[in-house]
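By convention in this document, chain letters (A, B, ...) are assigned in the order of the sequence lines, proteins followed by strands, and residues within each chain are numbered from 1.
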Number of protein chains: 2
Amino acid sequence: MVQVLDKERVQARRMEILAAASAVFRERGFHAAGMREIAQRMGVAVGKLYYYFAGKEALLAFCQEDCLGRLLQVVEEAEKASDDPARQLAYIVRGHVRCLNSEVPGSLAHLEVESLAAADRARILRLRRRYERALQKVIERGVSTGCLRCGDPALATRSLLGAMNWTVKWWQPEGRMNLDDLADGLCEHALHGLAVSRRKGGT
Amino acid sequence: MVQVLDKERVQARRMEILAAASAVFRERGFHAAGMREIAQRMGVAVGKLYYYFAGKEALLAFCQEDCLGRLLQVVEEAEKASDDPARQLAYIVRGHVRCLNSEVPGSLAHLEVESLAAADRARILRLRRRYERALQKVIERGVSTGCLRCGDPALATRSLLGAMNWTVKWWQPEGRMNLDDLADGLCEHALHGLAVSRRKGGT
DNA sequence: TTATGATCTGAACCATGGTTCAAGTTCTGG
DNA sequence: CCAGAACTTGAACCATGGTTCAGATCATAA
């Protein structure tokens with residue numbers, strides 16, 4: 001029992017650290033973020049971070065892993081929530097945008113894979129590819145179902161991913177539109193595009 | 001005349017350095033890039049960089065300024081090339097994607113504004129805002145012309161920007177599709193979206 | 001050829017910031 | 001209440017890498 005409790009306690013500590021690290025990473029970017037700063041934010045000494053994590057980049061890896069875990073879970077939920085790929089897409093976009101811009105987890109972490117140790121990077125990239133492939137699958141399923149249409153699903157997926165990830169750079173809680181509006185807007189745009197008519201032409 | 005020639009020579013040197021710096025920044029990211037590495041790439045000593053630039057972040061600022069200059073020029077060209085906003089958009093997307101992924105200039109530079117000195121950052125952000133506003137204007141013009149349709153032009157602009165900027169993270173020259181195909185694909189997706197019909201519904 | 005200024009070099013300097021660790025403090029089981 | 005493990009501290013250590021600068025080299029004009 002002690003074992004289990006201890007592990008839970010440790011896990012809890014790790015999550016607390018994750019939250020602080022994630023926040024600082026988000027605000028300053030990985031490189032600009034300092035270990036001392038992370039520690040200070042939670043009112044502890046630097047050493048504590050090293051008791052629970054191997055180092056700064058392990059911290060980043062943990063952030064990314066957590067974030068990707070949530071994203072993958074969002075995909076699962078989406079597929080449970082509806083059979084309509086279009087609806088699934090909307091669900092995922094909401095989850096993705098929310099995941100990157102709010103809550104505990106790793107926002108920029110998802111993006112800065114470069115500054116990861118080779119071992120971690122491989123693992124993270126595997127997860128990431130899995131997520132992106134899942135998203136692409138949703139689109140492809142929509143196409144084969146006939147409710148979506150798309151010349152190049154891989155490209156469309158990446159286009160959407162870019163649009164969603166980019167929100168980190170400009171969206172702010174204080175601004176007009178909340179996260180759900182943002183997500184719905186992006187989704188609407190991804191679905192319907194800018195053109196007035198499908199095949200070129202006037203009003 | 002000596003004056004002029006000297007200035008030209010200096011300018012040429014600065015551009016050479018820009019090219020090298022830009023390449024290294026693109027490959028490694030700003031923080032991971034080392035001054036020594038940049039110098040080494042052009043076969044000169046570190047000191048030379050400091051003869052022509054105040055420091056690393058001045059180098060980055062110069063990269064970004066150059067890049068944004070090109071982008072703004074693309075917008076001008078687009079507006080000269082056609083009166084049709086949809087065509088203008090296509091032109092800009094091509095220019096943007098090409099600008100970030102090929103040629104000399106600053107790819108990631110365009111994105112990493114955080115690591116800039118306050119003074120530079122302000123100037124760069126002003127340019128960036130001008131560019132993004134110009135892009136948005138194109139979309140808005142399309143809407144008022146009637147050849148485009150869009151619930152939230154600002155959001156659509158940012159969505160498109162995200163999709164374009166994100167290409168830096170995944171597009172590779174060796175892969176299938178060249179830059180123009182990439183740009184056209186993105187543009188197609190931005191215009192027509194994924195939906196089969198405009199207002200929800202089946203085949 | 002020589003003086004002068006522009007250009008270039010690269011070893012040395014130094015601030016930053018990630019990391020370590022010896023020493024405290026807290027917790028747990030007996 | 002005590003021993004020992006778990007946990008926490010923060011000052012000190014040290015590698016990295018941006019920056020400096022005294023001197024070498026090159027270009028130009030007289």
Side-chain angles (χ1 to χ4, degrees), chain A residues 1-22 24-25 27-63 109 112 114-120, chain B residues 1-22 24-25 27-63 109 112 114-120:
Chain A
M1 187 184 105
V2 170
Q3 299 279 349
V4 178
L5 274 183
D6 273 14
K7 280 181 181 173
E8 274 175 13
R9 182 201 284 277
V10 166
Q11 198 54 23
R13 290 280 172 285
R14 284 171 64 92
M15 293 309 283
E16 285 172 23
I17 294 176
L18 170 67
S22 182
V24 177
F25 285 159
E27 286 176 21
R28 320 277 277 219
F30 175 69
H31 287 282
M35 291 301 269
R36 287 169 239 267
E37 195 181 349
I38 295 172
Q40 192 172 19
R41 164 162 313 218
M42 32 188 325
V44 301
V46 236
K48 185 168 181 177
L49 305 183
Y50 287 89
Y51 185 79
Y52 290 97
F53 289 93
K56 193 183 178 188
E57 88 185 5
L59 219 47
L60 178 63
F62 193 61
C63 279
E112 289 186 29
E114 304 77 34
S115 24
L116 236 47
D120 290 327
Chain B
M1 188 184 102
V2 170
Q3 300 277 349
V4 178
L5 274 184
D6 274 11
K7 280 182 181 171
E8 274 174 14
R9 182 201 285 278
V10 166
Q11 197 55 22
R13 290 280 172 285
R14 283 171 64 93
M15 292 310 283
E16 284 171 24
I17 293 176
L18 169 67
S22 181
V24 177
F25 285 160
E27 286 176 20
R28 321 278 276 219
F30 176 68
H31 287 282
M35 293 299 270
R36 290 171 237 266
E37 196 182 349
I38 296 172
Q40 192 171 19
R41 163 160 315 215
M42 32 189 323
V44 301
V46 236
K48 184 168 181 176
L49 304 182
Y50 288 88
Y51 186 79
Y52 290 98
F53 289 93
K56 193 183 178 188
E57 87 187 5
L59 220 46
L60 178 63
F62 193 61
C63 279
E112 291 185 30
E114 304 77 34
S115 24
L116 237 47
D120 288 327

Starting at [atom1] of [X] and ending at [atom2] of [N], how long is that distance when rounded to a whole Å?
X      : N       : atom1 : atom2 : answer
E57(B) : dG17(D) : CD    : C1'   : 15 Å
I38(A) : dG18(C) : CD1   : P     : 8 Å
K56(A) : dG17(C) : NZ    : P     : 9 Å
E8(B)  : dA6(C)  : CD    : C1'   : 17 Å
M35(B) : dG18(D) : CE    : C1'   : 7 Å
F53(A) : dT19(C) : CZ    : C1'   : 16 Å
Y50(B) : dT7(C)  : OH    : P     : 19 Å
Q40(B) : dT9(C)  : CD    : C1'   : 15 Å

Residues M42(A) and L49(A): closest non-hydrogen pair is SD-CD2, 4.4 Å

For residues 38-63 of chain A, the ring-ring contact (aromatic ring centres under 6.0 Å, His included) pairs (sequence neighbours left out) are F53(A)-F62(A)

query: Can R13(A) and E8(A) be counted as an ion pair, charged N to O under 4.0 angstrom?
result: no

- prompt: Does E114(A) pair with R28(B) as a salt bridge, N-O distance under 4.0 Å?
  reply: no

(message) Students often get this wrong, so: under 4.0 angstrom with heavy atoms, is A33(A) touching a base, only sugar-phosphate, or nothing?
(response) sugar-phosphate

Among dT19(C), dT7(C), dC7(D), the one nearest any side-chain atom of Y52(A) is dC7(D)

Q) Is it true that a side-chain atom of K56(A) and a backbone atom of A33(A) form a donor plus acceptor pair closer than 3.5 Å? A) yes

- prompt: Can a side chain N or O of R9(B) be found less than 4.0 Å away from OP1 or OP2 on dA6(C)?
  reply: no

Phosphate OP1/OP2 of dA6(D) contacted by R13(A) side-chain N/O (<4.0 Å) | no

Q.
Please determine whether side-chain contact (heavy atoms from CB on, under 4.5 Å) holds for the pair R14(A) and R9(A), giving the CA-CA distance in whole Å, both sets of side-chain angles, and the decisive distance to 0.1 Å.
A. CA-CA 9 Å; R14(A) 284 171 64 92; R9(A) 182 201 284 277; over 6 Å; no

Whether each nucleotide of nucleotides 9-15 of chain D has a protein heavy atom under 4.0 Å at its base (B), only at its sugar-phosphate (S) or at neither (-) is summarised, 5' to 3', as BB-B---

Rounded to the nearest 0.5 angstrom, the NE2-OG distance for H31(B) and S115(B) is 4.0 Å

